Asks: 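Attaching a single structure in C-alpha cells format; questions to follow.
Given the structure is predicted, the values throughout are model-derived calculations rather than measurements.
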Amino acid sequence: MNPAQARQRMETLRAELRRHDEAYYRKATPEITDFEYDVLKTELADLEARFPDFTDAASPTQTVGDDRAPGFVEVAHRQRMLSLDNTYNEAEVRAFHARLARLLETDDLRYTVEPKIDGLAVSLTYEAGRLVRAVTRGKGDRGDDVTANVRTIRTLPHALHGAAPNAVEIRGEIYLSAAEFERINAGRAAEGEALYANPRNLAAGTIKQLDTGEVARRKLEIVLYGLGYCEPQTVRSQTELHEQLKAWRLPVVEKLWRVRGIDETWAAIRELDALRRTFAYGTDGAVVKLDDMARQRDLGDTAKAPRWAIAYKFKPDTARTRLRAITIQVGKTGILSPVAELEPVLLAGSTISRATLHNEDEIRRKDIRVGDLVEIEKAGEVIPAVLRSFPEERLAGAAEFDLFALVGGKCPVCGTGIARLEVADEEARGVAWKCQNYDCRAQRTGRLGFFCSRRALAIDGLGDVVAAKLVELELVKDPPDLYDVRVETLATLNLGTVEEPRIFGEKNAAKIVAAREAAKALPLEKWLYALSVPDVGESTARELGRRHRSFAELEESGLLRAVVRKAELLARRELEAPASRKNPAKSEGDKARRKELCAQLDAEIAGLDAGVLAGAPADIGPVVAASVLEFFAGEAGRRLLAKLGALGIDPQGTMAAAGVFTGKTFVLTGTLPALKREEAEQKIQAAGGKVSGSVSKKTSYVLAGADAGSKLEKARALGVAVIDEAELLRLLAGA
C-alpha cells in the first residue's frame with residue numbers, strides 16, 4: 001500500500017468508526033459486533049503506526065467514545081474517565097504482562113481479574129459520604145449529568161456506610177438484569193411493539209431518558225469497581241478498593257480474583273468464563289488490572305486507556321443451524337414482526353428453534369435468506385439473535401427477503417393491505433410494516449390481552465390464551481365487550497382441543513369478573529392507556545388524564561386542538577419567514593408582506609402559549625394530539641366510547657376533583673422517612689399536583705428527604721420552596 005492509498009483507507013476507516021461510535025455510544029443501537037468494531041480499529045491503528053505522517057489526534061484510536069446526548073447538563077470529571085484496550089486471545093494477554101514486566105523491570109506482578117460487565121460506564125461522586133452527582137463517561141474529560149436517573153436505582157445507597165473521604169469518584173457500570181429485560185420485552189410483545197435487541201443497548205438508552213419515572217419503571221442495576229479522584233487517598237490496591245466498596249455497602253462484582261503472574265491470571269480468566277452465566281448481569285469479558293496502585297501511577301495512561309489494565313473479550317456463545325423459514329407475527333398495533341424458524345440447536349444450555357429478526361431492513365443488511373446456514377448467539381446472553389448468514393454455502397435459488405412479497409402485500413391474519421412506516425424509538429430502530437385493519441383478529445387479541453395486563457387494568461387471569469379464545473369465538477370484538485361475557489360462558493371456555501379439552505373453570509371465571517368490576521373505578525389515565533389509543537403511552541396517558549375530566553371532554557379537547565394549531569402556525573411561519581431559504585421572498589414587497597404575516601402568526605402563537613397551552617407538558621406534542629383527536633373522531637374510537645357509555649363506565653380524570661396542590665409542581669429528592677416515593681407521588685397527584693423530574697423556576701415545591709443531592713442545591717439557588725415529609729402531610733391535611 002502506497003502512502004496515498006494508506007491515507008485514503010485511514011480516512012475511510014475513521015469515518016466508519018465514527019459512525020459506529022455514534023450508533024453505539026449516543027444512540028445505543030450498534031450495527032456491528034464488538035469484535036467487528038475492534039478489527040476495524042486495529043487495522044486503523046496499524047496503518048497509523050506505519051504511516052505516522054497521517055496520524056490525527058482526533059482519530060478514534062486516540063479518543064474515548066462520546067456518549068453525551070442532548071437535554072443533559074455536561075459536568076467535568078475530576079479525574080479523566082478512560083476506556084480499556086480489548087484483546088481476544090491468550091497470546092495478547094501474555095503480551096500485556098510481558099510489556100508491564102519490561103516497563104516495571106520485574107516479572108513478579110500481582111493482578112486482579114474481575115467480570116467485564118456489558119453495560120454503561122458511569123462515575124459517582126460522593127462528598128462527605130453522600131451521593132451528589134452521577135456522570136456518564138462522555139468523552140473522557142466531561143460527561144452527562146444523569147444524577148436524577150441514577151438515584152432511581154434501588155440497590156445504590158445514597159450515603160456511604162462508615163468513614164468516607166472528603167470527596168471520591170467511584171466508577172462502575174449500569175446494567176439491566178436478564179429477568180428485567182425479558183419482562184420489558186414481554187410487555188412490548190404484548191403491545192405489538194418492536195423488541196429491544198439486548199440489555200446493554202436498553203440500559204444505555206434508559207439512562208439517557210429525560211423522564212425519571214420511565215427510568216424507575218425499568219429497574220436498572222449498578223455494579224461498582226473502580227476509583228477516580230479520591231481525597232484523601234484511602235486505598236493502595238485494587239484488592240483494597242474492592243473490600244472498601246463492600247464496607248461502604250456499595251454493590252460490587254460477585255467474584256474478584258487476586259493472582260500472581262501470568263499463568264494464574266490466565267487460569268482465573270478461564271474460571272470466570274465458566275462462571276459468568278450465573279451472574280445477574282451480562283458479562284462479555286474479563287478485566288485484568290495491575291493490583292498495586294502506586295505501580296499503576298508509574299505506568300500512566302495513553303490518550304484513551306490505562307496502560308496497567310486490559311479487557312479480555314470472551315467468545316460469545318454461538319451455534320450454526322439452518323433457517324427453515326421466516327414467519328410473520330402481528331401485534332396489537334398491527335406491526336408485522338419477522339421471526340426466524342430454525343432447525344433446533346443447543347445453545348448455552350437451551351434448545352433454540354426460533355429467533356427474533358427485528359425488521360426487514362435488519363434482515364437485508366445481514367443478507368439473511370430462507371434456507372441459509374446461519375450463525376446465532378444469545379444476544380446479551382438473554383435472547384437468541386441471528387448474527388449472520390454464510391452466502392458461500394447458500395442453496396441455489398435462495399431469494400432476498402421481501403416481507404411485502406412474502407405476505408402478498410396483505411396482513412397474514414386478516415388479508416388487509418399493509419403499509420410501511422418508520423419506527424421512531426431509537427432503542428428499537430428501523431422500519432416496519434403495519435396492517436391497516438383496526439379490526440384484524442390478531443390486533444383484537446393483542447388489544448384485549450393488553451387491556452387486562454397489569455400495566456393497564458390489571459384484570460388478572462385473562463392472559464393471551466384466554467384472549468385469543470374469546471376473540472376466536474367472537475365473544476369480544478373490542479376490549480369493553482369483555483364486560484358482556486357472562487361468568488358461565490367464561491367458566492366453560494375450552495382452551496384446549498376437542499380431543500384434549502382444558503376447561504377454564506368457575507374459580508378462574510369468578511376472578512376475572514371480580515377484577516373487571518374493580519377496574520371500573522380506575523381513573524381516566526388507566527382507561528386511556530388500556531384502550532391502546534395510538535401514540536399514547538403511560539406517561540402521555542397520565543398527562544392527558546390530569547388535564548381532562550372524562551372521555552367526553554378529551555374527545556373535544558381544546559388543549560389538543562391548540563397543540564395541533566400551534567404546530568400548523570409554526571410550520572407556516574417557517575415557510576413564510578422573510579429570510580426563508582427553502583422559500584425565498586420574490587421581492588421587497590413580498591418580504592414586507594411576509595413580515596406582517598409572521599407578526600400575526602407570532603401573536604396567535606403567543607396567545608396560545610399564554611392561554612390554553614400554559615403549562616402543557618412535552619409529552620403532549622402535535623403528533624400525539626393529532627393522533628388522539630383523529631382516533632376519537634374515527635369509527636373505532638366512537639365505537640369504544642359508545643360501548644363504555646352503554647356499560648355505564650365513565651372514568652374520571654385526576655383534575656376532576658381540584659385539590660390543595662392544583663396547579664402546583666413538585667420535585668422529589670432523597671429518601672423520605674415513612675413514605676415511599678411512589679406513595680408520595682400518588683398523594684400529590686390525588687391532591688391535584690404534578691410531579692416533575694427536574695427543578696426549574698416553575699417548580700412550586702421540592703420535597704426533600706435524607707441524602708438529597710443536586711436537586712436540593714438547585715432549588716435553593718433558584719429560591720424554590722423546600723419542604724419535608726411532615727410539611728407535605730400537613731399541607732395535605734389542610735386540604
Side-chain angles (χ1 to χ4, degrees), residues 34-35 38-39 41-50 52 55 59 61-64 79-117 121 140 171 173 225-230 233-245 252-253 255-276 283-315:
D34 289 354
F35 179 76
D38 285 335
V39 167
K41 184 173 279 190
T42 299
E43 181 186 355
L44 176 58
D46 289 345
L47 286 171
E48 288 174 341
R50 288 172 56 196
T55 54
S59 170
T61 62
Q62 305 299 314
T63 57
V64 174
Q79 182 172 311
R80 289 185 68 226
M81 194 172 177
L82 304 176
S83 59
L84 292 173
D85 288 329
N86 292 332
T87 182
Y88 290 87
N89 58 59
E90 180 182 355
E92 291 176 346
V93 175
R94 291 184 176 275
F96 163 75
H97 168 72
R99 184 165 61 253
L100 265 58
R102 184 178 68 256
L103 291 171
L104 295 172
E105 299 180 346
T106 177
D107 191 55
D108 186 18
L109 298 176
R110 293 185 181 274
Y111 299 99
T112 58
V113 177
E114 63 191 49
K116 182 182 182 298
I117 296 96
R171 272 70 191 270
E173 207 87 6
Y225 50 70
L227 188 65
Y229 175 87
C230 186
Q233 186 69 251
T234 57
V235 295
R236 296 169 297 176
S237 68
Q238 292 295 139
T239 307
E240 286 186 16
L241 173 62
H242 182 71
E243 293 304 315
Q244 182 62 75
L245 294 176
V252 297
V253 293
K255 188 170 176 60
L256 179 138
W257 288 259
R258 186 169 188 258
V259 294
R260 186 172 187 171
I262 189 57
D263 291 333
E264 288 186 15
T265 300
W266 183 248
I269 292 173
R270 296 283 298 274
E271 187 178 343
L272 172 56
D273 193 12
L275 286 175
R276 63 190 172 99
T283 305
D284 61 353
V287 177
V288 179
K289 301 175 183 175
L290 189 65
D291 194 29
D292 189 317
M293 289 183 172
R295 284 179 164 175
Q296 289 179 8
R297 289 188 287 272
D298 290 341
L299 291 168
D301 311 314
T302 66
K304 63 182 289 292
R307 291 190 177 90
W308 44 266
I310 196 167
Y312 172 78
K313 301 296 287 289
F314 294 128
K315 293 180 180 178

Asks: With a 4.5 Å limit on heavy-atom distance, are the side chains of P306 and D301 in contact?
Replies: yes
Asks: For the pair E48 and S59, evaluate side chain to side chain donor-acceptor pair (under 3.5 Å) and give the outcome as yes or no after the intermediate values.
Replies: CA-CA 10 Å; E48 288 174 341; S59 170; 2.7 Å; yes
Asks: Do any N or O atoms from the side chain of Q296 and from the backbone of L290 form a donor-acceptor pair under 3.5 angstrom?
Replies: yes
Asks: State, yes or no, whether a side-chain contact exists between Q233 and L227 at a heavy-atom distance under 4.5 Å.
Replies: yes
Asks: Checking I310 now: which residues fulfil side-chain contact (heavy atoms from CB on, under 4.5 Å) with it, not counting sequence neighbours?
Replies: T87, F96, V288
Asks: Looking at residues at least two apart in the chain, or sitting in another chain, which of them share a side-chain hydrogen bond (donor to acceptor under 3.5 Å, both in side chains) with D263?
Replies: R94
Asks: Could you report the tightest heavy-atom contact between R171 and Q79, atom names first, then the distance?
Replies: NH2-O, 2.6 Å
Asks: Start with the C-alpha gap between W266 and E90, add the side-chain angles, then the distance that decides, and say whether side chain to side chain contact (heavy atoms under 4.5 Å, CB included) holds.
Replies: CA-CA 7 Å; W266 183 248; E90 180 182 355; 3.5 Å; yes
Asks: How many angstroms lie between atom CZ of R110 and atom OG1 of T239, to the nearest 0.5 angstrom?
Replies: 9.0 Å
Asks: Applying salt bridge (charged side-chain N to carboxylate O under 4.0 Å, His left out), can you list everything that pairs with E240, at least two apart in sequence or on another chain?
Replies: R236
Asks: Any side-chain hydrogen bond (donor to acceptor under 3.5 Å, both in side chains) pairs touching residues 98-107, not counting sequence neighbours?
Replies: H97-D107
Asks: Restricting to ring-ring contact (aromatic ring centres under 6.0 Å, His included), what partner residues turn up for F314, sequence neighbours left out?
Replies: Y312
Asks: With sequence neighbours left out, write down each residue that passes salt bridge (charged side-chain N to carboxylate O under 4.0 Å, His left out) with D291, or none if nothing qualifies.
Replies: R258
Asks: Report the C-alpha separation of I269 and D273 in whole Å, then their side-chain angles, then the decisive distance to 0.1 Å, and conclude whether the side chain to side chain contact (heavy atoms under 4.5 Å, CB included) test is met.
Replies: CA-CA 6 Å; I269 292 173; D273 193 12; 5.7 Å; no
Asks: Say you draw a straight line from CD1 of I117 to CZ of R276; how long is it, rounded to the nearest 0.5 Å?
Replies: 13.0 Å
Asks: Not counting sequence neighbours, which residues clear salt bridge (charged side-chain N to carboxylate O under 4.0 Å, His left out) with E173? List them please.
Replies: none
Asks: Under the side-chain contact (heavy atoms from CB on, under 4.5 Å) test, which residues partner T302, sequence neighbours left out?
Replies: K304, A305, R307
Asks: Test of understanding: with ring-ring contact (aromatic ring centres under 6.0 Å, His included), list the residues that count as partners of H242, not counting sequence neighbours.
Replies: none
Asks: For D46, enumerate each residue passing the side-chain contact (heavy atoms from CB on, under 4.5 Å) test, keeping only those at least two apart in sequence or located in another chain.
Replies: T42
Asks: Which value, rounded to the nearest 0.5 Å, describes the distance between D298 atom CG and R295 atom CZ?
Replies: 8.5 Å
Asks: Check whether any side-chain heavy atom of L272 lies under 4.5 Å from a side-chain heavy atom of P115, and answer yes or no.
Replies: yes
Asks: Sequence neighbours excluded, which residues qualify as ring-ring contact (aromatic ring centres under 6.0 Å, His included) partners of Y225?
Replies: none
Asks: Does W257 have any ring-ring contact (aromatic ring centres under 6.0 Å, His included) partners at least two apart in sequence or in another chain, and if so, which?
Replies: none
Asks: How long is the gap from CG on L256 to CD on E243, to the nearest 0.5 Å?
Replies: 8.5 Å
Asks: Identify the heavy atoms of L109 and A101 that sit nearest to each other, and give their distance.
Replies: CD1-N, 3.9 Å
